[in-house]
Amino acid sequence: MTSIEQSISSLKAQLEEYNFQYYVLDDPTVPDAEYDRVMRALQELEQQNPHLITADSPTQRVSGKADSAFSEVQHLVPMLSLDNVFNQEEFVRFNQRLQDRLGNKESLNFTCEPKLDGLAVSLLYENGSLVRAATRGDGQVGEDITANVKTIKSLPLKLRSPFPARVEVRGEVFMLRSVFAKLNEIAKQNNEKLFVNPRNAAAGSLRQLDPSVTAKRQLSVYLYGLGIADGIELPNSHFARLELLRQWGLPVCPKNKKVAGLDNCESFYQSILNDRDQLPFEIDGVVFKVDDVKAQEKLGFVAKAPRWAIAYKFPAQEEITQLLSVDFQVGRTGALTPVARLEPVFVGGVTVSNATLHNMDEIERLDVRVGDTVIIRRAGDVIPQVVSVVTAKRPSNTIPISIPKECPVCQSKVEREQDQAVYRCLGGLICSAQQKESIKHFASRKAMNIDGLGDKLVEQLVDEGRIASVSDIYTLDLNALVSLERMAEKSATNLLEAINKSKTTTLAKFIYSLGIREVGEVTAQTLATECLTLDNIMQMKESEYLALPDIGPVVSSHLVEFFNNETNRKVIQKLLELGVHWPEVVKKSNDALPLLGQTIVLTGTFSELSRNDAKAQLQELGAKVAGSVSAKTHLVFAGPGAGSKLAKAESLGIPVKAEDDLIALLAQSQP
Ligand code: IVH
């Protein structure tokens, strides 16, 4: 080997080692800059010596372009599919069948693997180099997608030795939720069609003729099985084989676990189901595989699926149903939100008959009409969404959706605000929908926190004409409450107590409770700390609001409009007369506010601190804790399950740190 060949080979080995540490061990030892430096050194050497470039070089992840279609690949061993079970009873029966066939009285060992929601691939490595990647196709014949698969950064182009002379591994290519969110963020900015879900995005990305497009999609892969392996003795445990794949440098899902017996399978299933929405990727169930490979061979196959494995599916998060009609709901600030009324359908574990359509722009983007067949999605606690329309199933008599000219609640005029997607009812507080929503907001936990004054009760009180504005809450008495249907004296007394207790609040909470447009908790806090008194806040001119930190022209104009409105001033006056009060706000010196001027966003779940605690502590130190990421954000703390906020921070190049760093920052910033 010449010295140049030697340098090239050692640079390659170094990059492979860095990749292995980063993607397989999840434990990077060098900063990105070091990786980039080694990569550049290799690129330079290869450029000067093009004859030394090999297909498995880390510089060759993006190369070549398919002309028109992908060529066919005959699988060496057929790629099978999985049978499904949907509940515990079916799973128990599956296990019973296995034990019967094997004549086993003892419980079996299983490898449990999250069922990744992506696309199956087969990868062939010869002499350690990735030579071919193929889709599953019909199980016998797939398509050659080598050029696209090579762009997956976590996939080694070269295995770590000792590796077998020839090995075919199988796994799932998928897209991380954070990558999906980022892609759609960009697509939205460019007014392009959005991807429906990470799986579709991954599928579309693998089908690109130009691998440089695939590379931009940042796909991921986890391997979960072996096709053939020549020249090597394999362990008899499936789990041990997965460990072997990992030793060769292949990424394997870190959640996989080997367990003994049914009960442990069931608890694995439950714990993964619990974590489902927090995982960085989408899954649709758990795959259970008999761990003993000899037993697998004994069990064999039926039709297209092995007897020794089963997919225990989670309740679907997406379903197809019919859009029956669209109603418009009027919000606190008069905004009209279109709500889809659906043929009830079981999705995400509950029966869903309503889904949000957000606004008229969204309706246009989806091109959805009454009578359409739609795909709806309900994940975790998120409000059900209409994801897309199945246009192939569109009947000829669908009805386009249009915005009403009059408010459906108070018949006032409806207008679209300039440059905005939102239409609003101009009725203000004469609109009972707006009355209800502003009272609900006023009573909510983060506002005046009136325990027991829930949404249903507010609606009842407004409908019966007992209250029409937030100050009326403080005029309610026992008689008025007990005369309501379903209201016992005990709960009425408790409610009055809670109402009374809420009179003691803080200036920031009071401002927030008023429900001024675009004035969230953060802005309310800024107004309180900067202006100190309600009088000051109410008297300020637009230019004075604008001079406050992070208050822009939109918020300023809403503030002016709100406080200039005679009705609003009267309501505030009444609230004060009825006894709402707060302790005086004292100006903190800047020394006590080491995080002053810092805008921080918290996202995902934290284990040591609650997000609310973290937020309160950061605010105490002068930081602004914002609900969304923008160019003005200084720092993001992300826990597991972070999605679009994390993606946005990454796309804007905003530093992202973990919970440990947050705890350290809080400790170190204590004055
Ligand atoms: S094993 C012989 N393991 O599910 C067994 N499949 O419904 C073949 N999948 O085509 C598959 N995660 O695309 C297996 N941990 C996992 C999996 C998994 C996702 C997909 C795969 C397969 C489909 C079958």
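Worth knowing before you read on, the calculation uses all heavy atoms, side chains too, and leaves out hydrogens, waters and symmetry mates. One-based numbering, in listed order, for ligands and for the atoms of each. Along the sequence shown, residues carry numbers from 1.
Taking the six-membered ring for Trp and thresholds of 30 and 60 degrees, Phe301 and Trp308 have ring planes more than 60 degrees apart, a perpendicular arrangement.
More than 12 heavy-atom neighbours from other residues, nucleotides or ligands sit within 6.0 angstrom of CG on Leu324. The environment of Asp263 atom CG is sparse: at most 12 non-hydrogen atoms of other residues, nucleotides or ligands sit within 6.0 angstrom.
Atoms of ligand 1 found under 4.0 Å from any heavy atom of Pro114 (numbered from 1 in listed order, with element): 12 (N), 15 (N).
Ranking protein heavy atoms by distance to atom 2 (C) of ligand 1, first place goes to Pro306 CG, 3.5 Å. Of all protein heavy atoms, the one lying nearest to atom 8 (C) of ligand 1 is Leu80 O, 3.7 Å.
Separation of atoms NZ (Lys289) and CG (Leu82) is listed at 7.0 Å; rounding is to 0.5 Å.
The closest side-chain donor-acceptor pair between Thr373 and Gln322 falls under 3.5 angstrom.
Heavy atoms from both the backbone and the side chain of Leu82 come within less than 4.0 Å of ligand 1. With a heavy-atom cut-off of 4.0 Å, Cys253 does not touch ligand 1 at all. Residue contacts with ligand 1, taken as heavy atom pairs separated by less than 4.0 Å, involve Lys289 solely via side-chain atoms from C-beta onward. Under 4.0 angstrom from ligand 1, the non-hydrogen atoms of Ala120 come from both its backbone and its side chain.
Backbone and side-chain nitrogen or oxygen atoms of Ser81 are examined, and none is located within less than 3.5 angstrom of a nitrogen or oxygen of ligand 1.
For the pair Arg160 and Phe20, the cation-pi criterion (under 6.0 Å, within 45° of the ring axis) is fulfilled.
Scanning Lys115, Glu172, Glu113 for the heavy atom closest to atom 7 (O) of ligand 1 points to Lys115. Comparing Val252, Leu116, Val286 against atom 12 (N) of ligand 1, the shortest heavy-atom distance belongs to Leu116. Distances from atom 16 (C) of ligand 1 to the heavy atoms of Tyr224, Tyr222, Phe174, Trp308 show the closest one on Tyr224.
For the pair Lys255 and Ile272, the minimum side-chain heavy-atom distance is below 4.5 Å.
Separation of the Phe288 and Tyr269 ring centroids does not fall under the 6.0 Å cut-off.
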